[in-house]
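Along the sequence shown, the residues carry numbers beginning at 1. Values in this document were obtained by computation on a predicted structure and should not be read as measured data.
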Amino acid sequence: MSFQERKIPPYPLESCEESQANREGSQAGLESLTLLGSTGSIGRQALEVCQGLGVRPLYLACRKNMRLLAEQIESFRPLAVSVSDDKAAAELRQRLRPSFIETEILTGQDGLMELARRPSGRCLSAISGFAGFAPTVAAAESGHDLALANKESLVAGGSLLMPLLRRKGLSLYPVDSEHSAIWQCLAASPRRALHKIWLTASGGPFLHYSREQLAQVKPEMALKHPNWQMGAKVTVDSASLMNKGLELIEAMWLFALPEDKIGIVVHPESLIHSLVEWEDGALLGQLGLPDMRLPISLSLSWPERRNLHFPRFDFLAQRQELHFEAPDLERFPALKLAREAAAEGGAAPLILNAANEVAVRAFLDSRLAFTAIAEKVERALQHFSGAFSLTDATMDDIIECDRLVREWSETDLA
């Protein structure tokens, strides 16, 4: 199914009138949360937001950072947690023994899926990469509204996830700062007046590097983002501009737009998080400091806006110029590949994402040059062109397609 063929309305957008009515008639705020990926960058900040909002994290999922997970359990006393395997569970029990805390510990993929299905007020999906797809679908199947930080669930599995949300009448609240910004701006005018949306990109640490300089980039250099604190994979994707390509595909699903209705502009200051352009030529943008706690908070408190006393942008004390430029698709071909995959639709975004995850892991392990990431992704797109159809695909079908692309991509690294 191509993006152009979809008839699915966007989530969680409301008209101005509906939004106002919801504010006036809203009940008590969110009380509990399932947090998938509690020890990652988004997860840690989400727990800070939970403290400010008075939201109890009932369930936490973590793969391997047992030290931090033990601290989170001691602070928040969740009912259950999920970890990668029995070895991690044994380490966690050892760390918790002095506190006499008896939080239930689930293990493996089955434990993660069970945790995602348990009832809570909302599920925040913050597991990095395609690994977050299956538990995100499981949470939706169980009737959870979603706060989504795992863009890969839509990039690879939007054809399954969005209809599922529609059938169950669930809401999806974007956590990515760019998509949160678009969501907020779209509430300002009738949808029929929309002309285009603009995703802003910082450009990463290598914005003005030459191709020769990019070829010499090492992992430790790519992990130093100038504006944001993020996990390793997302930070590398930001440096290659692949992250913006993945966000473009995510935006297509979220806002039911074709690829040519989504522009990308480099904005190094990261103060304007994205913009909406209306038919009359007006542009509305959402501005703020580069702080992920803000979109996380909104995804958990909507339709309310709560003052959690985070730092604010001071126009007088922080005077600075704002700059904009077009992304250079020759020096950063990953974004070009993502646009092409987005326009093609079908399985192309899944192939793009799977090959990119393998290539980024190889780069972080110093097995692949930075400039070779996009080259490996392009080879995978060419190799699997027309190989898969995601029409009526199940979760298992999508997982199997992803597995096949990864298997081939690993072989292609040799």
(request) State, yes or no, whether a side-chain contact exists between Ser120 and Leu33 at a heavy-atom distance under 4.5 Å. (result) no

(request) Carefully, step by step, assess Asn353 and Lys151 under the rule side-chain hydrogen bond (donor to acceptor under 3.5 Å, both in side chains). (result) CA-CA 10 Å; Asn353 180 73; Lys151 63 178 67 67; over 6 Å; no

(request) For residues 118-134, pull every pair meeting salt bridge (Lys or Arg N to Asp or Glu O under 4.0 Å), keeping only residues two or more places apart or in separate chains. (result) Glu104-Arg118, Glu114-Arg118

(request) May I ask you to decide whether Arg406 forms a salt bridge with Glu410, counting only side-chain N to carboxylate O separations under 4.0 Å? (result) no

(message) Does any part of the side chain of Ser180, heavy atoms only, come nearer than 4.5 Å to the side chain of Tyr173, both counted from C-beta?
(response) no

(message) Looking at Arg44 and Glu48, is there a salt bridge between them, counting it only when a charged N and a carboxylate O are closer than 4.0 Å?
(response) no

(message) I'd like to know if Glu330 pairs up with Arg211 as an ion pair, taking the criterion as any Lys NZ or Arg NE/NH1/NH2 lying under 4.0 Å from an Asp or Glu carboxylate oxygen.
(response) no

(request) Applying salt bridge (charged side-chain N to carboxylate O under 4.0 Å, His left out), name anything that partners Glu250, two or more places apart in sequence or on another chain. (result) none

(request) Using the six-membered ring wherever Trp is involved, compare the ring planes of Phe384 and Trp408 and label them parallel, tilted or perpendicular (cut-offs 30° and 60°). (result) perpendicular

(request) Answer yes or no: is there a side-chain heavy-atom contact under 4.5 Å between Leu298 and Leu294? (result) no

(request) Using a 4.5 Å cut-off on heavy atoms from C-beta on, say whether the side chain of Ser202 contacts that of Ser238. (result) yes

(message) Taking the side chain as everything from C-beta on, heavy atoms only, tell me whether Leu148 gets closer than 4.5 Å to Val175.
(response) no

(message) Tell me whether the rings of Phe130 and Phe133 are parallel (<30°), tilted (30 to 60°) or perpendicular (>60°).
(response) parallel

(message) Are there over 12 heavy-atom neighbours, none belonging to Lys261, within less than 6.0 Å of that residue's NZ?
(response) yes

Tell me which donor-acceptor pairs under 3.5 Å the side chains of residues 365-378 have, and how far apart each pair is, sequence neighbours excluded?
unit_1 : atom_1 : unit_2 : atom_2 : d
Asp365 : OD1    : Arg361 : NE     : 3.4
Asp365 : OD1    : Arg361 : NH2    : 3.1
Lys376 : NZ     : Asp412 : O      : 2.9

(message) Looking at Lys87 and Asp85, is any side-chain nitrogen of the basic one under 4.0 Å from a carboxylate oxygen of the acidic one?
(response) no

(request) Check Leu146, Ile127, Ile398, Thr136 against Ser153 for a side chain to side chain contact (heavy atoms under 4.5 Å, CB included) and give me the one that passes. (result) Thr136

(request) Applying side chain to side chain contact (heavy atoms under 4.5 Å, CB included), run through Val155 and Leu350 and close with a yes or a no. (result) CA-CA 6 Å; Val155 171; Leu350 180 153; over 6 Å; no

